[in-house]
Protein chains: 2
Amino acid sequence: MNTEILKEKQLRATPFRKKVLEVFLNNEHAISAQDIEEALGKFDRITLYRTIKAFIKNGVIHEIAMPGEVKRMALCDPVCNHDDGLHEHNHVHFQCRKCDEVYCVEVEELPDIRLKGFKVEEVEVQAKGICQNCR
Amino acid sequence: MNTEILKEKQLRATPFRKKVLEVFLNNEHAISAQDIEEALGKFDRITLYRTIKAFIKNGVIHEIAMPGEVKRMALCDPVCNHDDGLHEHNHVHFQCRKCDEVYCVEVEELPDIRLKGFKVEEVEVQAKGICQNCR
DNA sequence: TTCATAATTGCAATATTGTTGCATTTAGTT
DNA sequence: AACTAAATGCAACAATATTGCAATTATGAA
């Protein structure tokens, strides 16, 4: 199963990559490199970083950067319009103020932002509030 | 002048802080810690990090995090609704695909995002495209 | 203006995060 | 089964960030 996902994205299905992908599939929220390290029994940190880079480049996962937070990553939408590390999703990144978890939440469509003098080509939205589980 | 800004934000106006603030005032786009280091002649890196932390906490500057980019920082809006490191601005973070610079661009109001099951309390928008200078 | 004091600085040491080069191993193909 | 490009694992290293502590300094009060 993981194997298919990797091959679809032009990545060799090695045991290490399958295990890392497994970690993502086991979480419904975004995770950090540290989360992955903890989930893997034994591992080589360098290989992990390289795996993450390959996953991002090939559209398996995308990064989520929030001020004051560690970098997190989450699986791409199946329809992720990625081009060599460039991702385009139709979801909002939402962080819960209670549990701190970050979720990718689907939306009908992203807002249409217009900025005088600037040509806007892509928009990403980050929201904060209270998540389903914490209400 | 820098002195007043710092005092307004309940920070002691030390020479170091004034110099760092100066760097922000001299740039119309967001800058990284490295940019500041290069702009300062001699400096102590630890003090710089602590200065940055203090500036963020007291609402002088805010962080801008973008996937795959170094962390950047920019001056807060004068009306920045900050509370111990929590910032609330009425602008969009825009990165130019040509020059890579990041700008804080004022908007009338941020979009109203609704997510089923989630209580949205704050929204931040990051956009990409072509900036004024590069068109 | 001087003093007292809490805040800030600067240094040493250390932690965290991420990268590069290279020899070895392995997945996917022929 | 064999070949080959890709991936791994190790060592070394670079960049980024933090903590504790002694010395210094900005600021408000005397």
Side-chain angles (χ1 to χ4, degrees), chain A residues 1-24 30-73 84-85, chain B residues 1-24 30-73 84-85:
Chain A
M1 199 268 166
N2 304 9
T3 305
E4 286 89 70
I5 297 180
L6 291 170
K7 294 209 169 164
E8 264 170 37
K9 308 288 185 169
Q10 333 286 347
L11 288 169
R12 285 197 180 178
T14 67
F16 191 92
R17 285 179 177 169
K18 282 193 265 184
K19 258 189 281 176
V20 174
L21 182 52
E22 192 73 33
V23 181
F24 281 100
I31 57 180
S32 66
Q34 222 193 349
D35 292 333
I36 303 174
E37 293 187 14
E38 281 163 19
L40 298 171
K42 66 138 189 38
F43 72 98
D44 177 63
R45 184 198 299 283
I46 293 110
T47 305
L48 176 56
Y49 282 121
R50 281 196 276 227
T51 299
I52 289 173
K53 272 201 170 179
F55 279 15
I56 293 173
K57 188 176 177 203
N58 288 33
V60 180
I61 61 172
H62 61 282
E63 270 186 47
I64 304 171
M66 291 186 160
E69 304 281 326
V70 292
K71 231 181 278 181
R72 287 167 223 240
M73 295 154 283
D84 212 49
Chain B
M1 197 267 164
N2 304 9
T3 305
E4 286 89 70
I5 297 181
L6 292 170
K7 294 211 169 164
E8 264 170 37
K9 307 288 186 169
Q10 333 286 347
L11 287 170
R12 285 196 182 177
T14 66
F16 191 92
R17 285 179 177 166
K18 282 193 264 183
K19 256 188 283 178
V20 174
L21 182 51
E22 192 73 32
V23 180
F24 281 101
I31 56 180
S32 66
Q34 222 192 351
D35 292 332
I36 302 174
E37 293 187 13
E38 281 164 18
L40 297 172
K42 65 138 188 39
F43 72 98
D44 178 63
R45 185 197 297 283
I46 294 113
T47 305
L48 176 56
Y49 283 124
R50 282 196 276 227
T51 299
I52 289 172
K53 272 201 172 178
F55 278 15
I56 292 173
K57 188 175 175 204
N58 288 34
V60 180
I61 61 173
H62 61 282
E63 270 186 46
I64 304 171
M66 292 188 160
E69 303 282 325
V70 293
K71 230 181 279 181
R72 288 166 224 240
M73 295 153 284
D84 212 49

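Below, read A as the first sequence line, B as the second, and so on, with proteins coming before strands; counting in each chain starts at 1.
Atom-to-atom, CZ of F43(A) to C1' of dA7(D) comes out at 17 Å; the value is rounded to the nearest Å. Distance, D44(B) CG to dT18(D) P: 14 Å, rounded to whole Å. Atom OH of Y49(A) and atom P of dC10(D) are 16 Å apart (whole Å). Rounded to whole Å, atom P of dA7(D) lies 11 Å from atom CZ of F55(A).
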Checklist entry - Quick one: what's the B/S/- string for nucleotides 24-30 of chain D, heavy-atom cutoff under 4.0 Å, read 5' to 3'? => result -BBS---
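Side-chain atoms of I36(B) and T51(B), non-hydrogen and from C-beta on, never get closer than 4.5 Å to each other. Side-chain contact check for M1(A) versus E4(A): some heavy-atom pair is nearer than 4.5 Å.
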Below 3.5 Å between N/O atoms, which protein atoms pair up with nucleotides 1-3 of chain D? Just atom names and distances, please.
none

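Taken residue by residue, residues 31-42 of chain A places no heavy atom nearer than 4.0 Å to DNA chain D. Of the residues in residues 64-73 of chain A, not one comes within less than 4.0 Å of DNA chain D through any heavy atom.
Pairing each heavy atom of S32(A) with each of M73(A), the nearest pair is C-CE, 3.8 Å. Scanning both residues, T3(B) and A13(B), for their nearest heavy atoms gives CG2-CB, 3.6 Å.
Take K71(A) and apply the side chain to side chain contact (heavy atoms under 4.5 Å, CB included) test, not counting sequence neighbours, and it matches E63(A). D44(A) is linked by a side chain to side chain contact (heavy atoms under 4.5 Å, CB included) to I46(A), T47(A), counting only residues two or more places apart in sequence or in another chain. Remark: E8(A) pairs with no residue by the side chain to side chain contact (heavy atoms under 4.5 Å, CB included) rule, at least two apart or across chains. By the side-chain hydrogen bond (donor to acceptor under 3.5 Å, both in side chains) test, R45(A) pairs with E37(A), sequence neighbours left out. Taking the side-chain hydrogen bond (donor to acceptor under 3.5 Å, both in side chains) definition, one finds that Q34(B) meets it with nothing, sequence neighbours left out.
Between chain A and DNA chain C, the heavy-atom contact criterion of under 4.0 Å yields a 5' to 3' nucleotide range of dT17(C) to dG28(C).
Remark on the helix from dT1(C)-dA30(D) to dT30(C)-dA1(D): inter-end axis angle 40°, axes from five-pair C1' superpositions, rounded to 10°.
Comparing Q10(B) and I46(B) against DNA chain C, the residue whose closest nucleotide sits nearer the 5' end is Q10(B).
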Could you pull out all donor-acceptor pairs under 3.5 Å where a side-chain atom in residues 14-22 of chain B meets a protein atom, sequence neighbours excluded?
| from | atom 1 | to | atom 2 | distance (Å) |
| --- | --- | --- | --- | --- |
| T14(B) | OG1 | R17(B) | N | 3.3 |
| R17(B) | NH1 | R12(B) | O | 3.2 |
| E22(B) | OE1 | N2(B) | ND2 | 2.7 |

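In this structure, R50(B) reaches the bases: a heavy-atom distance under 4.0 Å links it to at least one base atom across the strands shown. Within the 4.0 angstrom heavy-atom criterion, no nucleotide atom of any strand lies near K18(A).
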